[in-house]
Enquirer: 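First the structure, then my questions, so here it is.
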There are 2 protein chains.
Amino acid sequence: MLSKKTQYALKALEYLVAHYNQGPVLISEIAEKKHIPLKFLENILLELRHHDILDSKKGKGGGYMLRTEPEKTSLANVIRIVEGPIAMLPCVSLYFYQPCESCDQTQCRIHDLFIEARDAILNVLENKTLADLRQTALV
Amino acid sequence: MLSKKTQYALKALEYLVAHYNQGPVLISEIAEKKHIPLKFLENILLELRHHDILDSKKGKGGGYMLRTEPEKTSLANVIRIVEGPIAMLPCVSLYFYQPCESCDQTQCRIHDLFIEARDAILNVLENKTLADLRQTALV
DNA sequence: GGAGAATTCCATTTGCAAGTGGTAATTACC
DNA sequence: GGTAATTACCACTTGCAAATGGAATTCTCC
């Protein structure tokens, strides 16, 4: 499972996508609408800003907004920032690789299996962007 | 990422598969060969026994062994026992489903996306068994 | 330039996964 | 039936994710 932190990040981003190009959105508004603990959400949004996913403005009329068009940011990218590895094992992670002490990767079947699983996941998450979080208008 | 507990469980099972039908294997032997903290491994193997994946024998000559043929146990099954949900979000889990407070599932795009991711993962993990952990003999 | 509104930053608490220690129960063997 | 070997069980400690509290900083508007 994704951590709570990542789940909150995705929900917050969904909200910001829905309000894209409508000016800054208050943290408190996102927290209330998406049922996210306010102070925890502060930390998450700040981290996303430091990684150039979000932009913010202080003071009256301030708040958070997407830094670029929703199409530009993949879900895989967001998850790597907030969660860390997407792979299920450290030894098959592309961006957070750590070798196994107890096995020889050239022979390890666990390794092979979880590379397969990783690629199946990435095939979805690398090809979806924040734009895919936008709800279709009701008819 | 899978928890350490699950990673250890998979390694231990790999070892037990390699020694299938060769009598009980000591916890201490698995712990040493696979670099797993001994006492932690005890708990994990016990849990797998309670869920009928493993069998054990106490006293001299005792140890742990697979309860059934490796082909009978899917990796998805093992992970659900030790880790819990395989899905990345509670609201798309098949066995550990929990509804979202903050969204209407019939409209939520996050929901749809992570169902897709879940199915991609399950397509791998449901179709692999402990037998797939067995190393091919070197030539 | 002062007041209020918002993010930012830092420090602390809480809760659960990870890991440890010690003792009880069971079995095999002499 | 006694001893050694092994799993089973229970309670505790540690470390990190999750959540909270409060003060500092920045910005807008009058």
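All values below come from the heavy atoms of this structure, side chains included, with hydrogens, waters and symmetry mates left out. Throughout, a chain's letter reflects where its sequence line sits, starting with A, and its residues are numbered from 1.
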Enquirer: Could you give the NZ-to-C1' distance, from A:K60 to C:dA5, as a whole number of Å?
Expert: 7 Å
Enquirer: From the list C:dA28, C:dT26, D:dT25, which nucleotide is the closest neighbour of the side chain of B:K57?
Expert: C:dA28
Enquirer: Specify the residue among A:G61 and B:L2 whose closest nucleotide of DNA chain C lies further upstream toward the 5′ end.
Expert: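 First, find each residue's nearest nucleotide; the 5'-ward one identifies A:G61.
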Enquirer: From the set C:dG19, D:dA18, C:dT27, return the single nucleotide nearest to any side-chain atom of B:F40.
Expert: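 Of all the options, the side chain of B:F40 is nearest to C:dG19.
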Enquirer: From CD of B:E47 over to P of D:dT7, roughly how many Å is that when rounded to an integer?
Expert: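 For the pair B:E47 CD and D:dT7 P, the rounded distance is 17 Å.
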Enquirer: Nearest whole Å is fine: how far is D:dT20 C1' from A:I36 CD1?
Expert: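 Going from CD1 in A:I36 over to C1' in D:dT20 covers 16 Å.
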Enquirer: How many Å lie between NE2 on A:H35 and C1' on D:dA18, as a whole number?
Expert: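 After rounding, the gap between these two atoms is 19 Å.
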Enquirer: Between B:L38 (CG) and C:dT20 (P), how many Å, whole number?
Expert: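 Rounded to the whole Å, the gap is 9 Å.
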Enquirer: For the pair made of NZ in B:K5 and P in C:dA18, what is the distance, rounded to whole Å?
Expert: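 My rounded result for the distance is 8 Å.
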Enquirer: Contact class for B:I27 (heavy atom, under 4.0 Å): base, sugar-phosphate, or nothing?
Expert: sugar-phosphate
Enquirer: If you take all heavy atoms of B:L38 and B:S28, which pair is closest and at what distance?
Expert: CD1-CA, 3.8 Å
Enquirer: Would you say C:dA18 has OP1 or OP2 under 4.0 Å from some side-chain N or O of B:Y8?
Expert: no
Enquirer: Out of D:dT26, D:dA8, D:dG21, which has the shortest distance to the side chain of A:K58?
Expert: D:dT26
Enquirer: At under 4.0 Å, does any side-chain N or O of A:H50 touch on OP1 or OP2 of C:dC9?
Expert: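 Indeed, a polar side-chain atom of A:H50 lies that close.
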Enquirer: Any idea which of C:dA28, D:dC9, D:dA18 is nearest the A:S3 side chain?
Expert: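 Of the options given, the side chain of A:S3 lies nearest D:dA18.
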Enquirer: Take A:L41 and B:G59, find for each the nucleotide of DNA chain D with the closest heavy atom, and name the residue whose nucleotide sits nearer the 5' end.
Expert: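 Closest to the 5' end, via its nearest nucleotide, is B:G59.
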Enquirer: Looking only at side-chain atoms of B:R49, point me to the closest of D:dT25, C:dG19, D:dA8.
Expert: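 Among the listed nucleotides, the one closest to the side chain of B:R49 is D:dA8.
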Enquirer: Between B:E116 and A:K128, which heavy-atom pair has the shortest distance, and what is it?
Expert: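 Looking at all heavy atoms of both residues, the shortest contact is OE1-NZ, 3.5 Å.
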Enquirer: Salt bridge or not for B:E71 and B:R134, using N-O below 4.0 Å?
Expert: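 Looking at B:E71 and B:R134, the cut-off is met.
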Enquirer: Give a yes or no on whether a salt bridge exists between A:K11 and A:E14, defined as a side-chain N under 4.0 angstrom from a carboxylate O.
Expert: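 No, this pair does not count.
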Enquirer: Please determine, for the side chain of B:L26, which listed nucleotide (C:dG21, D:dC27, D:dT7) has the closest atom?
Expert: D:dT7
Enquirer: Send over the distance from A:D55 CG to D:dT26 P, rounded to a whole Å.
Expert: 16 Å
Enquirer: Distance from B:I44 atom CD1 to B:L10 atom CG, nearest 0.5 Å?
Expert: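 These two atoms lie 10.0 Å from each other.
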Enquirer: Would you call B:E126-B:R80 a salt bridge at under 4.0 Å N-O?
Expert: yes
Enquirer: I want to check one thing: is the phosphate of C:dA6, taken as OP1 and OP2, less than 4.0 Å away from some side-chain N or O of A:S56?
Expert: no
Enquirer: Which comes earlier along DNA chain D counting from the 5' end, the contact point of A:T6 or that of B:E42, where each point is its nearest nucleotide?
Expert: B:E42
Enquirer: Between C:dT7 atom P and A:E29 atom CD, what is the distance in whole Å?
Expert: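 Nearest whole value for this atom pair: 10 Å.
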